[in-house]
Engineer: 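Mind looking over this structure? Questions follow.
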Amino acid sequence: MALVLTNTLGGRKEPFESLVPGEVRMYHCGPTVKEHLNVAKFRSYLLADLLRRCFEYAGCRVVQVMNITDVGQLNEFEEDIVEIAASRTGLSAVELVEKEERIFHADRRALHIRDATHYPRAREHVAEMIAVIADLEKRGRTYEAAGNIYFDIRKSPRFGELAGKPAEDLERLLAGKKQPPGKRHLLDIDLWRRDVLHQTHWPSPWGRGFPGWHVECVAMSRKYLEGSFDIHTGTCENVFPHHECEIAQSEALTGKPLARYWLHTGPVLVDGLPMTRDNRNVMTARQMLDAGFRGSVIRAALLSVHHREVLDFGEAAMDRARPRVNTILAFHEHLKEATTGAPRPELRRKGSPAPWIEETETRFRAALDDDLDYPRALEAVLGAIGKLEPEDIGDPRQALEALERWDRVLGILA
RNA sequence: GGCGGCAUAGCCAAGUGGUAAGGCAACGGUUUGCAAAACCGUCAUCCCCGGUUCAAAUCCGGGUGCCGCCUCCA
């Protein structure tokens, strides 16, 4: 495997090499289960799934951790975002996150996203988060102000490296923003918020309250991946502040790089417009499934351009993806029919695969090795099927085997 | 303002130094009782200007346009 990946940290393509030979360990930013997840989020989960499938295709062992955020966070008005969402539905915060977590798993299975190794829930890891904060405190990286605990960003000189922005730039941009009383520096990170007014709070050495925005992923990757791993993924919107803050905290803890490679999915538009609440064009996977679109078609549409590029999603994207999926399904059906019943004697002996299979395999692997180019890999298979004359198929069992092997990465059949 | 991405026909799009895939649409034709379908055919000096090279959509520099991010999102 000669895989090359574009690393957001540095912005270049780099040859991939895992920390432990033959094993790849990854952390994926997962859903906040307060509402149905939009397709941009699913795009990043599909990137995680694609990585996993590619590594397994290459024979590597894979460990995947995807967090489930089910702890209330505060918005700029000091309101708990989970509680706000819950209040609109008449459910309690806990009932809401349990329901939405079930929906998340159902939807991701519909898109043929395989089960990660671990789906840690933030709510069940508050003790680990408190341990992280205590550790940071012991190392002199925190301070207290008005009862809250903050991470002191000035002791992290590399802050801003992932986003490619010097810390001074970030500061300047935030200059106008309202700050909680006592917070020393604009970029300082919330670690523990003392608060008993909201539905969810826990006891801690700093009083009852709840953990800050970014400490959750730090604690969970530390627990399941021992603080240093191969690949961290998310959407482009996670780069700053979330991933930047994760790096600062984790590296303050271990002195080692948190992840060697950072991969992010590009922005999603809907019919040419940014998918935002203001544009009223947010599309969720649930909506699409309810509207009768097949999961495999939604999957193909979300993977129809390279993961770093802008994706223009919408009906047109679905219309383009549908015939591609159908081509794969129809060819698969055709091969299954050709291989059922008594094996024909002339096919019993396995020779070397038909030339088209080897050619396609080569193009398929080259595409994936080149920064996980799923569209090109799919095109290699579709192009081969399209040009194939019946007499060139060769042993249909070998063709079936090849198609199902490619689909272990493509995920259209399963 | 800072940082990043993209630019190939009416639309979608392949292309990773060697005379520009494919699909949709359109147009012409064959077939057809009409229509549809099917089949055949037609349809691009690759955003602009410079540079490197025997050779550039492809590499380099500059420009233009569009898009994204910059504390609701984890």
Side-chain angles (χ1 to χ4, degrees), chain A residues 4 6 8 10-11 13 27-35 37-38 40-41 44-45 66-71 73-82 84-85 122 160-180 183 186-190 211-218 220-221 232-246 264-269 272-278 282 301 304-306 308-312 314 316-317 319-324 327 363 366-367 370-371 373 375-376 378-380 382-383 386-387:
Chain A
V4 170
T6 301
T8 305
K13 284 188 182 179
Y27 187 92
H28 312 295
C29 270
T32 296
V33 284
K34 67 182 171 77
E35 61 195 358
L37 282 312
N38 67 49
K41 303 267 173 46
S44 80
Y45 311 150
M66 179 177 280
N67 63 292
I68 304 289
T69 297
D70 55 1
V71 173
Q73 309 291 359
L74 300 189
N75 66 14
E76 59 183 308
F77 307 111
E78 303 282 308
E79 298 162 324
D80 183 308
I81 58 173
V82 173
I84 290 175
E161 198 172 299
L162 184 71
K165 307 173 207 295
E168 307 82 68
D169 274 17
L170 298 170
E171 284 169 44
R172 186 155 36 80
L173 288 160
L174 301 176
K177 302 278 177 179
K178 201 177 76 180
Q179 279 194 80
K183 187 171 166 181
L186 283 167
L187 296 172
D188 287 346
I189 306 165
D190 270 36
W213 282 16
H214 311 291
V215 72
E216 160 196 332
C217 288
V218 174
M220 296 197 290
S221 69
H232 194 131
T233 69
T235 68
C236 55
E237 298 182 350
N238 294 147
V239 173
F240 180 84
H242 183 50
H243 289 164
E244 207 70 74
C245 292
E246 253 185 274
H264 296 97
T265 48
V268 176
L269 313 180
L273 280 174
M275 187 175 74
T276 63
R277 201 175 294 169
D278 287 347
V282 175
S304 63
V305 300
H306 185 268
R308 290 186 66 87
E309 285 193 33
V310 176
L311 169 67
D312 194 354
D319 288 343
R320 266 174 266 134
R322 191 180 298 105
R324 288 154 186 262
T327 300
R363 295 183 56 201
D370 184 6
D371 206 18
D373 198 334
R376 219 169 95 202
L378 177 58
E379 212 52 50
L382 289 172
K387 276 183 239 151

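Numbered from 1 within each chain, the chains take letters A, B, ... in sequence-line order.
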Engineer: Where each residue is assigned the nucleotide of RNA chain B containing its nearest heavy atom, which of A/E246 and A/P241 is assigned the position nearer the 5′ end?
Structural biologist: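 Mapping each residue to its closest nucleotide by heavy atoms, the 5'-most match is A/P241.
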
Engineer: For A/E161, enumerate each residue passing the salt bridge (charged side-chain N to carboxylate O under 4.0 Å, His left out) test, keeping only those at least two apart in sequence or located in another chain.
Structural biologist: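 Per chain and number, A/E161 pairs via salt bridge (charged side-chain N to carboxylate O under 4.0 Å, His left out) with A/R158.
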
Engineer: What is the distance from CG of A/L378 to C1' of B/A13, rounded to the nearest Å?
Structural biologist: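 One finds 13 Å between C1' of B/A13 and CG of A/L378, rounded.
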
Engineer: Expressed as a whole number of angstroms, how long is the span from A/R363:CZ to B/A14:P?
Structural biologist: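 Nearest whole value for this atom pair: 13 Å.
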
Engineer: Identify the nucleotide, in any strand shown, that forms a Watson-Crick or G-U wobble pair with B/C43, with both distances under 3.5 Å; if there is none, say none.
Structural biologist: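 For B/C43, the partner nucleotide comes out as none, under the 3.5 Å rule.
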
Engineer: Using the C1' atom as the point on both nucleotides, what is the distance between B/G33 and B/U8, in whole Å?
Structural biologist: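 The answer is 45 Å between these two C1' atoms.
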
Engineer: Could you measure between the two P atoms, the one in B/A74 and the one in B/C69, and give it in whole Å?
Structural biologist: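 B/A74 and B/C69 have their P atoms separated by 15 Å.
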
Engineer: The side chain of A/F240 lies closest to which of these nucleotides: B/A74, B/C73, B/C70?
Structural biologist: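 Minimum distance to the A/F240 side chain belongs to B/C70.
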
Engineer: Which one is paired to B/U64, where only Watson-Crick or G-U wobble pairs with both distances under 3.5 angstrom count?
Structural biologist: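 Answer to the pairing question: B/A7, which forms a Watson-Crick or G-U pair with B/U64.
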
Engineer: Is a side-chain donor or acceptor of A/E244 paired with a backbone partner of A/G160 at a separation under 3.5 angstrom?
Structural biologist: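 Between the backbone of A/G160 and the side chain of A/E244 there is a qualifying donor-acceptor contact (under 3.5 Å).
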
Engineer: Within the structure shown, what part of the strands sits under 4.0 Å from A/E237 by heavy-atom distance: base, sugar-phosphate, or nothing?
Structural biologist: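 Answer is base: heavy atoms of A/E237 come under 4.0 Å of a base.
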
Engineer: If we call it a pair only when both distances are under 3.5 Å in a Watson-Crick or G-U wobble match, what pairs with B/U30?
Structural biologist: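 Paired with B/U30, as far as the under-3.5 Å criterion goes, is B/A38.
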
Engineer: Roughly how many Å apart are B/A38 and B/U45, using the P atom of each and rounding to a whole number?
Structural biologist: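 Those two atoms are separated by 29 Å.
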
Engineer: Nearest whole angstrom, please: distance from the C1' of B/C12 to the CD of A/E379.
Structural biologist: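 In whole Å, B/C12 C1' and A/E379 CD are 11 Å from each other.
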
Engineer: Determine the interatomic distance between P on B/A25 and the same-named atom on B/C12; round to the nearest Å.
Structural biologist: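 Going atom to atom, P in each nucleotide, I get 15 Å.
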
Engineer: Write down the distance between CD1 (A/I189) and P (B/A74), rounded to a whole number of angstrom.
Structural biologist: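 Those two atoms, CD1 and P, are 17 Å apart.
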
Engineer: Where each residue is assigned the nucleotide of RNA chain B containing its nearest heavy atom, which of A/H214 and A/T276 is assigned the position nearer the 5′ end?
Structural biologist: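 Residue closer to the 5' terminus by nearest nucleotide: A/T276.
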
Engineer: Could you check whether A/G30 gets within reach of a base, just the sugar-phosphate, or nothing at all, counting any heavy atom under 4.0 Å?
Structural biologist: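 Contact class for A/G30: sugar-phosphate only.
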
Engineer: B/A21 pairs with which nucleotide, Watson-Crick or G-U wobble, both distances below 3.5 Å?
Structural biologist: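 The answer is none; no pair meets the criterion.
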
Engineer: Roughly how many Å apart are B/U52 and B/A44, using the C1' atom of each and rounding to a whole number?
Structural biologist: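 Here B/A44 and B/U52 have their C1' atoms 26 Å from each other.
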
Engineer: Remember a base hit wins even if backbone is also touched, and classify A/D319 as base, sugar-phosphate or nothing at under 4.0 Å, heavy atoms.
Structural biologist: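 Since no nucleic acid heavy atom lies under 4.0 Å of A/D319, the category is nothing.
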
Engineer: Taking A/D373's backbone N and O only, do any of them form a donor-acceptor pair with A/D371's side chain (distance below 3.5 Å, no angle check)?
Structural biologist: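 The answer is no, because no donor-acceptor pair under 3.5 Å joins these two groups.
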
Engineer: Just to confirm, is there a sub-4.0 Å distance from OP1 or OP2 of B/C69 to any side-chain nitrogen or oxygen of A/K165?
Structural biologist: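 No.
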
Engineer: Looking only at side-chain atoms of A/I81, point me to the closest of B/C67, B/U71, B/C72.
Structural biologist: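 My answer, after comparing the listed nucleotides, is B/C72.
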
Engineer: Find the partner of B/G1: check Watson-Crick (N1-N3 plus N6-O4 or O6-N4) and G-U wobble (N1-O2, O6-N3) distances, both under 3.5 Å, and reply none if neither fits.
Structural biologist: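 When the pairing criteria are applied, B/C70 turns out to be the nucleotide that pairs with B/G1.
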
Engineer: Going by an N to O cut-off under 4.0 Å, is there a salt bridge joining A/R363 and A/E379?
Structural biologist: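 No.
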
Engineer: What residues, two or more places apart in sequence or in another chain, satisfy salt bridge (charged side-chain N to carboxylate O under 4.0 Å, His left out) together with A/D190?
Structural biologist: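 With sequence neighbours excluded, A/D190 shows a salt bridge (charged side-chain N to carboxylate O under 4.0 Å, His left out) to A/R193, given in chain and number order.
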
Engineer: Between P on B/C3 and CZ on A/R308, what's the gap in Å once rounded to a whole number?
Structural biologist: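 A/R308 atom CZ is separated from B/C3 atom P by 17 Å.
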
Engineer: Does any N or O in the side chain of A/N67 come within less than 3.5 Å of the main-chain N or O of A/C217, such that one atom is a donor and the other an acceptor?
Structural biologist: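 No; judged by distance alone, with no hydrogens or angles, the pair does not exist.
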
Engineer: Suppose you measure atom P in B/G4 against the same atom in B/C60; what distance do you get, rounded to whole Å?
Structural biologist: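 Those two atoms are separated by 15 Å.
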
Engineer: Using atom CD of A/E309 as one end and atom C1' of B/G4 as the other, report the distance to the nearest whole Å.
Structural biologist: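 Spelled out: CD on A/E309 to C1' on B/G4 is 13 Å.
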
Engineer: Measuring only the P atom in each nucleotide, how far is B/A26 from B/A35? A whole number of Å is fine.
Structural biologist: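 It comes out at 16 Å once rounded to the nearest Å.
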
Engineer: Among A/H232, A/M66, A/E237, A/H264, which residue satisfies the side-chain contact (heavy atoms from CB on, under 4.5 Å) criterion with A/C29?
Structural biologist: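 Exactly one option meets the side-chain contact (heavy atoms from CB on, under 4.5 Å) with A/C29, and it is A/H232.
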
Engineer: Between B/A13 atom P and A/R320 atom CZ, what is the distance in whole Å?
Structural biologist: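 One finds 5 Å between P of B/A13 and CZ of A/R320, rounded.
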
Engineer: Hunt down the Watson-Crick or G-U wobble partner of B/U53, both distances under 3.5 Å, from any strand shown, or write none.
Structural biologist: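 Because no pair has both required distances under 3.5 Å, B/U53 counts as unpaired.
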
Engineer: Could you check how far CD of A/E35 sits from C1' of B/C73, rounded to whole Å?
Structural biologist: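 In whole Å, B/C73 C1' lies 8 Å from A/E35 CD.
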
Engineer: Which value, in whole Å, describes the distance between the C1' atoms of nucleotides B/U30 and B/U64?
Structural biologist: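 About 48 Å, rounded to a whole number of Å.
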
